[in-house]
**Q** 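There's a structure below that I have some questions on.
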Amino acid sequence: MLRHLMNVMDLSVQELDELLTLANQIYENPDDYADACHRKKLATCFYEPSTRTRLSFESAMLNLGGQILGFDDADSSSAAKGESVADTIRVISSYADICAMRHPKEGAPYVASLHARIPVINAGDGGHNHPTQTLTDLMTIRMLKGQFSGLTIGLCGDLKFGRTVHSLVEAMVRYPDVHFIMISPDELRIPDYLRRDILDRNLIDYKEVGVLEDVLPKLDILYMTRVQRERFFNEEDYIRLKDSFILDKAKMDLAHDDMLVLHPLPRVNEISTEVDDDPRAVYFKQAKFGVYVRMALILTLLKEAGTL
């Protein structure tokens, strides 16, 4: 059966656990999967620039013994001539066995999935969804904490526009006894739909605060994002607030010894480089886990499509 991944919520809790278990098995025994996708091709169709996501998909397929083809900019594809996403995926379906697509327009990978004859993975569509980043986040938490239930998770920075934050919250509320502390300036608080339809509807324990230092001692996980200057109406507010949401060594001294710091990357200045050597800073390890979870996803979708 042909299946796509547009949103991490496309996966049931059982399917999600099975996928993460497979990713863990690949991480522990990579040689066992070195030829799992022999002679299979992954098309990476990236209509906007990407570093981690595109390279991790390509690394994942190469690690599985497969091959890669594609483009990393809309200007280097026939999109520059006006070709539609629907026509592009129809053609690519003749060349590749699976496709990872990133697009600046929300819903573009979904449109592609409607016309594809191969599995399509949403590798990020505008500010909408980035499901493989969420899978990466979940693998990192499960690998390093051993569980999802009972955790207190601090989400810090741009919570209004941050698609990685929204997707992680949606995924985590399906597990018991999860608590959230939302740390942001008033201008960048979580959107109403997330508060109303996800947190309140599921009776999730959460609170919203404006100072990072006050809550660091309570956290099991701190998920950092960038506070963006362009989101503020005036420069004075940004200058007044920006340092409150920069993680440095002094702030890390307030946290538990086993608190983990995650970040979807790229980082600008929201985490001081002096934090990088702290064993609790796992954002580069998080990026590495992204390869294994994408390997597991590629294998799962190809098997469901009957091509493995």
Side-chain angles (χ1 to χ4, degrees), residues 1-30 32-38 40-46 50 52-70 89 92-93 96-103 108-110 112-113 116-125 128-143 148 163-164 167-168 170-172 174 264 285-308:
M1 181 184 72
L2 190 60
R3 188 174 183 186
H4 313 283
L5 182 70
M6 297 295 111
N7 187 321
V8 73
M9 300 302 286
D10 294 343
L11 300 169
S12 68
V13 171
Q14 180 179 343
E15 289 172 329
L16 185 57
D17 288 344
E18 289 171 354
L19 184 69
L20 295 177
T21 296
L22 176 57
N24 184 45
Q25 290 171 351
I26 296 170
Y27 174 76
E28 292 181 347
N29 303 286
D32 292 349
Y33 298 87
D35 295 310
C37 288
H38 180 61
K40 299 300 177 184
K41 298 182 182 71
L42 166 72
T44 51
C45 301
F46 277 62
S50 168
R52 275 153 300 280
T53 304
R54 182 175 63 85
L55 293 181
S56 64
F57 265 113
E58 294 180 355
S59 178
M61 193 57 163
L62 292 172
N63 288 348
L64 292 168
Q67 299 168 291
I68 55 172
L69 66 159
I89 197 65
I92 288 170
S93 294
D97 301 285
I98 188 169
C99 174
M101 178 177 288
R102 168 165 285 188
H103 203 285
Y110 173 71
S113 73
R117 299 190 307 276
I118 58 175
V120 176
I121 300 169
N122 180 2
D125 58 336
H128 188 222
N129 261 301
H130 196 352
T132 58
Q133 178 62 53
T134 305
L135 292 174
T136 299
D137 299 340
L138 293 174
M139 181 180 179
T140 304
I141 294 170
R142 197 172 91 154
M143 288 282 287
F148 296 125
R163 64 186 176 187
T164 58
S167 295
L168 182 60
E170 285 189 75
M172 288 292 295
R174 298 191 287 179
K285 184 177 290 187
Q286 180 184 355
K288 182 177 180 179
F289 286 149
V291 174
Y292 298 100
V293 81
R294 290 178 175 97
M295 291 171 71
L297 180 61
I298 289 168
L299 280 174
T300 298
L301 291 179
L302 286 177
K303 286 181 179 178
E304 291 197 16
T307 56
L308 275 185

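Numbering of residues begins at 1 and proceeds along the displayed sequence. Given the structure is predicted, the values throughout are model-derived calculations rather than measurements.
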**Q** Which value, rounded to the nearest 0.5 Å, describes the distance between R117 atom CZ and D97 atom CG?
**A**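 Here the interatomic distance stands at 11.5 Å.
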**Q** Report the distance from atom CG of L297 to atom CG of L299, rounding to the nearest 0.5 Å.
**A**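 One finds 9.0 Å between CG of L297 and CG of L299.
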**Q** Within the structure provided, determine whether Q286 and D137 are in side-chain contact (heavy-atom separation under 4.5 Å).
**A**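 Yes, their side chains come closer than 4.5 Å.
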**Q** Go through the structure and list residues passing side-chain contact (heavy atoms from CB on, under 4.5 Å) with R174, not counting sequence neighbours.
**A**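 In terms of side-chain contact (heavy atoms from CB on, under 4.5 Å), with neighbours along the sequence ignored, R174 is linked to M9, V13, L16.
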**Q** Flag the pair M61 / K40 as yes when at least one side-chain heavy-atom distance between them is below 4.5 Å, and no otherwise.
**A**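 Yes, their side chains come closer than 4.5 Å.
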**Q** Taking the side chain as every heavy atom from C-beta outward, state whether L19 and L11 have any atom pair closer than 4.5 Å.
**A**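 Touching, per the 4.5 Å side-chain cut-off.
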**Q** Does F148 CZ have over 12 foreign heavy atoms under 6.0 Å away?
**A**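 Correct, the count exceeds 12.
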**Q** Just wondering, do P131 and M6 contact through their side chains at under 4.5 Å, heavy atoms?
**A**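 Result no, sub-4.5 Å side-chain heavy-atom pair not found.
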**Q** Run the side-chain contact (heavy atoms from CB on, under 4.5 Å) check on E15 and D10 step by step: do they pass?
**A** CA-CA 9 Å; E15 289 172 329; D10 294 343; over 6 Å; no
**Q** Taking the side chain as every heavy atom from C-beta outward, state whether C99 and I121 have any atom pair closer than 4.5 Å.
**A**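 No - every pair of side-chain heavy atoms lies 4.5 Å or more apart.
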**Q** Would you kindly say whether R52 and T136 are connected by a side-chain donor-acceptor distance under 3.5 Å?
**A**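 No - no donor-acceptor pair under 3.5 Å links their side chains.
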**Q** Counting distance only, does the side-chain N/O of S56 pair as donor-acceptor with the main-chain N or O of T53 below 3.5 Å?
**A**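 A pair under 3.5 Å: yes.
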**Q** Atom CG of L308 and atom SG of C37: how far apart are they, to the nearest 0.5 Å?
**A**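 Reported value, rounded in 0.5 Å steps: 5.0 Å.
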**Q** Could you check whether atom CD of E28 has more than 12 heavy atoms from other residues, nucleotides or ligands sitting under 6.0 Å from it?
**A**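 Yes, CD of E28 has more than 12 neighbouring heavy atoms, counting only those of other groups under 6.0 Å.
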**Q** Drop me the distance from H38's NE2 to L64's CG, to the nearest 0.5 angstrom.
**A**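 One gets 13.0 Å once the value is rounded to the nearest 0.5 Å.
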**Q** Write down the atom of L135, the atom of L20, and the distance for their closest heavy-atom approach.
**A**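 Of all heavy-atom pairs spanning L135 and L20, the closest is O-CD2, 3.9 Å.
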**Q** So how far is it from L62 CG to M295 CE, rounded to the nearest 0.5 Å?
**A**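 It is 10.0 Å, given to the nearest 0.5 Å.
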**Q** Report yes or no: do N122 and D125 form a side-chain donor-acceptor pair below 3.5 Å?
**A**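 Distance-only check passes for N122 and D125.
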**Q** Given F57, which of I98, V291, I68, T132 fulfils the side-chain contact (heavy atoms from CB on, under 4.5 Å) condition?
**A**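 Among I98, V291, I68, T132, the one that satisfies the side-chain contact (heavy atoms from CB on, under 4.5 Å) with F57 is T132.
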**Q** Excluding sequence neighbours, so at least two apart, what forms side-chain contact (heavy atoms from CB on, under 4.5 Å) with L2?
**A**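 By the side-chain contact (heavy atoms from CB on, under 4.5 Å) rule, L2 matches H4, P119, A305.
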**Q** Under the criterion side chain to side chain donor-acceptor pair (under 3.5 Å), I'd like the reasoning laid out for T21 against R142: C-alpha separation, chi angles, the key distance, then a yes or no.
**A** CA-CA 10 Å; T21 296; R142 197 172 91 154; 3.0 Å; yes
**Q** Which heavy-atom pair separates L42 from A100 by the least distance, and what is that distance?
**A**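 Where L42 meets A100 most closely, the heavy atoms are CD1-N, 3.9 Å.
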**Q** For the CD1 atom of I118 and the OG1 atom of T307, what is their distance to the nearest 0.5 Å?
**A**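 Result: 9.5 Å between the selected atoms.
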**Q** Report yes if some heavy atom in the side chain of N63 is under 4.5 Å from a heavy atom in the side chain of P30; otherwise report no.
**A**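 No, their side chains stay 4.5 Å or more apart.
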**Q** Could you pull out the closest heavy-atom pair between S113 and V120, with the gap in Å?
**A**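 Scanning both residues completely, I find the closest heavy atoms to be CA-CG2, 4.1 Å.
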**Q** Do Q133 and S167 have side chains that get closer than 4.5 Å, going by heavy atoms?
**A**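 They are not in side-chain contact.
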**Q** What's the shortest heavy-atom distance between A116 and I89, and which atoms?
**A**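 Closest heavy-atom pair between A116 and I89: CB-CG1, 3.6 Å.
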**Q** Which heavy atom of A23 sits nearest to which heavy atom of A296, and what is that distance?
**A**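 Looking at all heavy atoms of both residues, the shortest contact is N-CB, 3.7 Å.
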**Q** Between the side chains of E58 and T44, does any donor sit under 3.5 Å from an acceptor?
**A**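 Yes - a donor-acceptor pair under 3.5 Å links their side chains.
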**Q** Can you check side-chain contact (heavy atoms from CB on, under 4.5 Å) on Y33 and L22, steps first, answer last?
**A** CA-CA 11 Å; Y33 298 87; L22 176 57; 3.8 Å; yes
**Q** On the six-membered ring of F46, is R102 placed so that its NZ or CZ lies under 6.0 angstrom from the centre and within 45° of the ring axis?
**A**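 Not satisfied by the 6.0 Å and 45° rule.
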**Q** Could you report the tightest heavy-atom contact between M139 and N24, atom names first, then the distance?
**A**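 Residues M139 and N24, closest heavy atoms: CE-N, 4.2 Å.
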